[in-house]
Structure formats: structure tokens, C-alpha cells
Amino acid sequence: MQDHAVVVKDRWLIQRKALLAREKELTRLSDEIARERRALPWLHVDKHYVFDTPDGPRALADLFEGRRQLLVQHFMLGPGWQEGCRSCSFMADHVDGIEVHLQQRDMSFVAISRAPIAEIEQFRRRMGWKFKWASSHRNDFNQDFDVSFTPEQMARGEIYYNFHMTDFMHDELPGLSVFYKDDVGTIFHTYSAYGRGVEAMMGAYRLLDLLPKGRDEEQLSYGMAWVRHHDRYDAAPKAAGCCAGSAATHPATPKEEVPQ
């Protein structure tokens with residue numbers, strides 16, 4: 001940072017406009033990919049999933065809450081865990097403020113975890129979240145959508161994640177899945193994303209990417225090692241500190257990393 005170039009405004013504008021052209025290319029490419037995403041064929045969901053919620057058992061169809069589109073966050077919180085994954089919590093911190101806007105576009109949101117509902121509710125109360133959160137503890141939803149893995153799968157040392165076979169990482173992993181329900185109640189699976197695809201929920205990263213230091217993660221043991229539950233950060237950043245120093249204060253655990 002100390003050796004960064006400093007120029008007069010005319011030279012700055014030349015380089016900024018060149019970058020703007022590249023940014024516009026990226027925007028157009030993103031729009032193109034979004035159109036291709038919407039054009040993907042759908043899968044009929046013919047399995048009947050029933051989830052535990054604070055309001056009692058609810059079928060997958062009920063989670064739409066009268067809307068046609070449903071976004072599911074596959075939240076890493078397994079049975080018996082003391083708290084949810086830090087990275088998944090970072091994602092979830094973005095939801096409550098924008099959910100009212102998403103609902104205006106015919107979309108409902110729900111987090112789904114394999115922990116029993118009582119354990120989910122205990123962690124949710126601690127974090128102060130308001131969004132819907134259901135438990136798949138008594139069904140195969142997590143396994144069917146390739147975010148939870150059986151002891152047999154783990155014993156083989158290889159799992160199917162992010163649409164390919166890969167080395168075993170953890171018994172719970174993050175993801176996003178999208179569903180559509182038509183006017184007669186038929187449910188379709190339209191899209192899923194895993195690994196860095198879950199950054200779609202991480203609006204804070206979009207802002208950090210605008211800054212001179214960016215995400216400032218190069219010296220960390222893995223990209224999200226700096227992330228904490230929002231009630232576990234230091235009261236204020238140290239004037240001369242950095243993300244790496246903060247990470248050293250709170251040792252990272254392998255389960256928190258969002259796979260590449």
C-alpha cells in the first residue's frame with residue numbers, strides 16, 4: 001500500500017475509464033450468464049420432504065409461503081454443534097434487511113440445517129435473526145442436495161460436491177438451492193450453487209472488493225479465516241491492526257472455509 005502509484009487527475013481518469021470498460025464487460029457477461037441460468041431445464045421434485053419448524057411440521061411446498069419462488073440456504077449446522085458455521089452465518093447476516101424486498105419479487109427465503117429445530121432456535125436467538133429456518137433432521141433433504149454426507153461416504157474419503165467428486169472436506173458443506181412452484185402446486189428444482197457460488201449471498205464482499213485493500217485475505221490460512229459470528233468480533237478494530245492479526249487471536253477451524 002505504501003508504494004502505490006499516485007498520479008494527477010488526468011492520468012487517473014484515463015486508467016479509471018479503461019477499467020470502466022472492463023467493468024461494463026463484466027456486467028454484460030453477468031447479465032448473459034443470468035439469462036443462461038434462467039434458461040436451464042428444471043427437475044421435478046417428486047420426493048415429499050417434511051421439515052420441523054417452530055410452527056410445527058411443514059412440507060417443502062409450505063416453505064414457499066404462497067409465493068412461486070424459494071431460495072434455500074443450506075446452512076452448516078449439524079446435530080450437536082454448539083454454533084453454526086461462521087461463513088454461513090456471515091451469509092445469513094445479509095438476509096433480514098433485504099427479505100422484504102425479495103418478497104416483492106415473488107420470492108421466499110428459508111435456511112435449512114440438519115440440526116434439530118431446538119438447536120437451530122437456540123442459535124438463532126443468540127444471533128437475533130428473524131428469517132425462516134427449518135430443520136431437515138428427520139428427512140434426506142441435505143443428502144439429496146449434496147450438502148450433508150453419511151459416515152459411509154466419509155469413510156470412502158471422497159464425496160460428490162459442487163457437481164464433481166472431490167476429497168472429503170467435512171460432513172456438512174454450504175450451498176444455495178432454488179425452487180419454483182407452479183399454479184397447480186408442482187415443485188421444480190431450478191438451480192443450485194456450491195463452493196464460491198454461495199458468494200451470491202455475501203453482499204459485504206462486493207463492497208470490500210471496491211476498497212484499496214480489497215478482501216485483504218492473502219496472508220490468511222484460508223480466505224474467510226477473518227470472519228467471526230457478529231457477536232464475537234472485537235469491540236473496535238485496532239488502529240494498526242489487520243485481518244491477519246485478528247485471525248491469530250481467534251484460531252480458525254477447517255469447517256468454516258467456503259470451498260473453492
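Bear in mind that the values here come from a model prediction, so they are computed numbers and not experimental data.
- Of the inter-residue distances, the one linking K181 atom NZ with D183 atom CG reads 10.0 Å to the nearest 0.5 angstrom.
- Listed by first and then second residue, the side chain to side chain donor-acceptor pair (under 3.5 Å) pairs that reach into residues 23-34 are R16-E23, R22-E25, sequence neighbours excluded.
- Applying the side-chain hydrogen bond (donor to acceptor under 3.5 Å, both in side chains) rule to R126 yields the partners E83, D231; only residues at least two apart in sequence or on another chain are considered.
- Nearest heavy-atom pair across A134 and F51 is CB-CB, 3.9 Å.
- A side-chain donor from one of H74 and S177 sits under 3.5 Å from a side-chain acceptor of the other.
- Within the structure, ring-ring contact (aromatic ring centres under 6.0 Å, His included) contacts touching residues 16-40 (residues at least two apart or in different chains) do not occur.
- Shown here are the ring pair (Phe, Tyr, Trp, His ring centres under 6.0 Å) partners of H189, two or more places apart in sequence or in another chain: F145, F179.
- Atom CD of Q103 is surrounded by more than 12 heavy atoms from other residues, nucleotides or ligands within 6.0 Å.
- The 12-atom threshold is exceeded at CZ of R37, counting heavy atoms of other residues, nucleotides or ligands nearer than 6.0 Å.
- Residues V72 and L176 form no side-chain contact, since every pair of their non-hydrogen atoms from C-beta on lies 4.5 Å or further apart.
- The side chain to side chain donor-acceptor pair (under 3.5 Å) pairs that include a residue from residues 52-64 are D52-R138, where partners are two or more places apart or lie in different chains.
- Under the salt bridge (Lys or Arg N to Asp or Glu O under 4.0 Å) criterion, the residue pairs touching residues 111-121 are R114-E172, E121-R124, with sequence neighbours excluded.
- Heavy-atom contacts from other residues, nucleotides or ligands closer than 6.0 Å to CZ of R206 number more than 12.
- When ring centroids are compared, F149 and Y160 stay outside the 6.0 Å threshold.
- Using cut-offs of 30° and 60° on the angle between ring planes, the pair W133 and W129 is tilted.
- Going from atom CE of M169 over to atom CD of E158 covers 11.0 Å, rounded to the nearest 0.5 Å.
- In this structure, a donor-acceptor pair under 3.5 Å is absent between the side chains of Y49 and D140.
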